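The shown structure was predicted, so the numbers you read here are calculated from the model rather than taken from an experiment.
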Amino acid sequence: MSTSPPATGSAGTRAPAASRWSAPGRGGAVGMVLGGILSVQFGGALAATMFDRAGPAGMVTLRLGGAALVLLLLVRPRWRGHSRADWAVVGAFGVSLAAMNALFYEALARMPIGAAVTVEFLGPLGLAAVLSRRLRHVGWVLMAATGVLLLGYGSLTGLDPVGVAFALGAGVCWAGYILLSARTGRRFPGLDGLALASALAAVLVLPIGLASAGPALAAPDVLLVGLAVALLSSVVPYALELTALRALASRVFGVLMSLEPAAAALAGLLVLGQLLTPLQLLAVALVVVASIGAARSPAAAAVGP
């Protein structure tokens with residue numbers, strides 16, 4: 001199937017320019033997803049280094065607020081000319097962004113990043129299974145699931161149950177993000193929808209972040225790290241993934257996201273000093289093979305908007 005948007009959007013005069021760069025080939029779209037995966041996981045690991053200063057809610061506020069400012073300045077989205085249905089979709093997208101990030105950072109404050117992402121991944125993995133239409137796709141999903149389980153096997157014992165609950169909630173929101181980002185891309189030209197949704201997400205988390213972190217949010221070093229996290233965890237991956245979803249099926253995208261636990265383990269190793277075991281290396285290999293297989297498989301039937 002294809003999630004590519006129509007040639008014209010709600011802002012018709014801008015759609016031709018957007019379509020020239022925002023509909024990559026399948027190989028380019030896969031590369032964009034992989035780049036987004038690495039970016040978001042290293043951004044998450046960087047954010048964790050500041051939890052003792054600003055807390056998870058404070059870092060989420062800086063992440064989403066910084067991302068919204070950058071996107072609004074660069075994209076300068078049009079606020080007029082959109083239907084009520086368009087605003088409903090982008091509004092739901094913004095809520096999913098806010099909830100996904102807030103819940104994941106709360107989980108990250110209570111459990112290792114590899115374990116948090118492994119639990120969170122149950123959301124997109126379940127979405128990939130639901131969207132599957134062919135037996136071979138189910139096989140790739142099962143292989144990816146095996147890799148995810150092996151990757152988290154050594155670290156999933158004795159976890160904080162509250163952290164697990166937060167990670168599961170983030171996974172549900174992640175599945176919603178996959179579907180809503182595709183629908184947003186079909187309704188808004190370029191990155192307009194992403195910029196508008198990010199602005200809404202930032203407004204939603206701002207009161208929580210201010211109440212939680214207070215003056216710490218204004219510290220220069222916290223602000224600097226927050227800007228880096230915003231770029232790595234929001235601007236770069238969301239832009240890449242939203243663009244890639246114009247050329248990739250949501251099912252294929254969902255299975256490609258099976259690389260998230262592997263990328264999280266790598267970020268944990270390089271940023272947080274977490275070591276990979278031989279069993280986890282085997283898990284990484286399984287996940288990579290499953291992701292490549294899913295990307296090379298023929299697309300299944302389209303899923304309606």
Side-chain angles (χ1 to χ4, degrees), residues 36-79 87 89-110 113 116-117 120 166-167 169-170 173-174 176-177 180-181 184-185 188 190-243 267 271:
I37 287 170
L38 289 173
S39 183
V40 73
Q41 295 306 330
F42 276 86
L46 180 62
T49 65
M50 279 290 173
F51 282 174
D52 60 335
R53 295 286 307 279
M59 292 310 297
V60 167
T61 299
L62 292 177
R63 168 179 171 170
L64 293 178
L69 288 176
V70 171
L71 286 170
L72 289 175
L73 289 174
L74 292 179
V75 177
R76 289 182 294 177
R78 292 194 175 187
W79 297 84
W87 284 113
V89 170
V90 82
F93 188 26
V95 172
S96 73
L97 290 179
M100 178 179 67
N101 285 294
L103 292 172
F104 176 71
Y105 273 34
E106 290 294 340
L108 193 57
R110 294 168 172 81
I113 185 171
V117 174
E120 184 193 24
F166 278 127
C173 294
W174 191 359
Y177 156 72
L180 289 167
S181 59
T184 299
F188 291 83
L191 298 178
D192 280 26
L194 174 63
L196 295 172
S198 296
L200 173 60
V203 170
L204 291 175
V205 301
L206 180 60
I208 302 174
L210 290 176
S212 174
L217 291 180
D221 57 336
V222 175
L223 284 174
L224 182 62
V225 173
L227 177 60
V229 171
L231 294 174
L232 287 172
S233 295
S234 293
V235 176
V236 172
Y238 291 160
L240 289 175
E241 291 167 7
L242 185 61
T243 303
V271 179

*Distance in Å, Thr184 OG1 paired with Asp192 CG, rounded so as to fall on 0.5 Å steps*: 11.0 Å

*Indicate the atoms forming the closest heavy-atom contact of Leu72 with Ala199, along with that distance.*
CD1-CB, 4.0 Å

*asked:* Quick check for you: to the nearest 0.5 Å, what is the distance between Glu120 atom CD and Trp174 atom CH2?
replied: 5.0 Å

*So, for Ala213 and Ala54, which heavy atoms are closest and what is the spacing to 0.1 Å?*
CB-O, 3.3 Å

*Look up atom CG in Leu204 and atom CG in Asn101, then write down how far apart they are to the nearest 0.5 Å.*
11.5 Å

_Residue pair Leu103 / Gly169: nearest heavy atoms and the distance that separates them_ = CD1-C, 3.5 Å

*How many angstroms lie between atom OG of Ser233 and atom CZ of Phe104, to the nearest 0.5 angstrom?*
8.5 Å

*asked:* To the closest 0.5 Å, what do you measure between CG (Leu191) and CG (Leu71)?
replied: 7.0 Å

*Take Val225 and Val229 through the test side-chain contact (heavy atoms from CB on, under 4.5 Å) and record every step on the way to the result.*
CA-CA 6 Å; Val225 173; Val229 171; 4.1 Å; yes

*For Leu232 and Pro237, work out which heavy atoms get closest and say how close.*
O-CD, 3.0 Å

_Trace of the side-chain contact (heavy atoms from CB on, under 4.5 Å) decision for Val205 with Arg63_ = CA-CA 10 Å; Val205 301; Arg63 168 179 171 170; over 6 Å; no

_Of Tyr177, Phe188, Trp87, the residue whose pairing with Phe93 passes ring-ring contact (aromatic ring centres under 6.0 Å, His included)_ = Tyr177

*Considering non-hydrogen atoms only, spot the tightest contact between Cys173 and Ala99 and give its length.*
SG-CB, 3.6 Å

*May I have the step-by-step check of side-chain contact (heavy atoms from CB on, under 4.5 Å) for Met50 and Leu62, ending in yes or no?*
CA-CA 11 Å; Met50 279 290 173; Leu62 292 177; over 6 Å; no

*Identify the two heavy atoms, one from Leu223 and one from Ala218, that lie closest to each other, and give their separation to 0.1 Å.*
CD1-O, 3.6 Å

*Picking from Leu217, Leu64, Thr61, what satisfies side-chain contact (heavy atoms from CB on, under 4.5 Å) with Leu206?*
Thr61

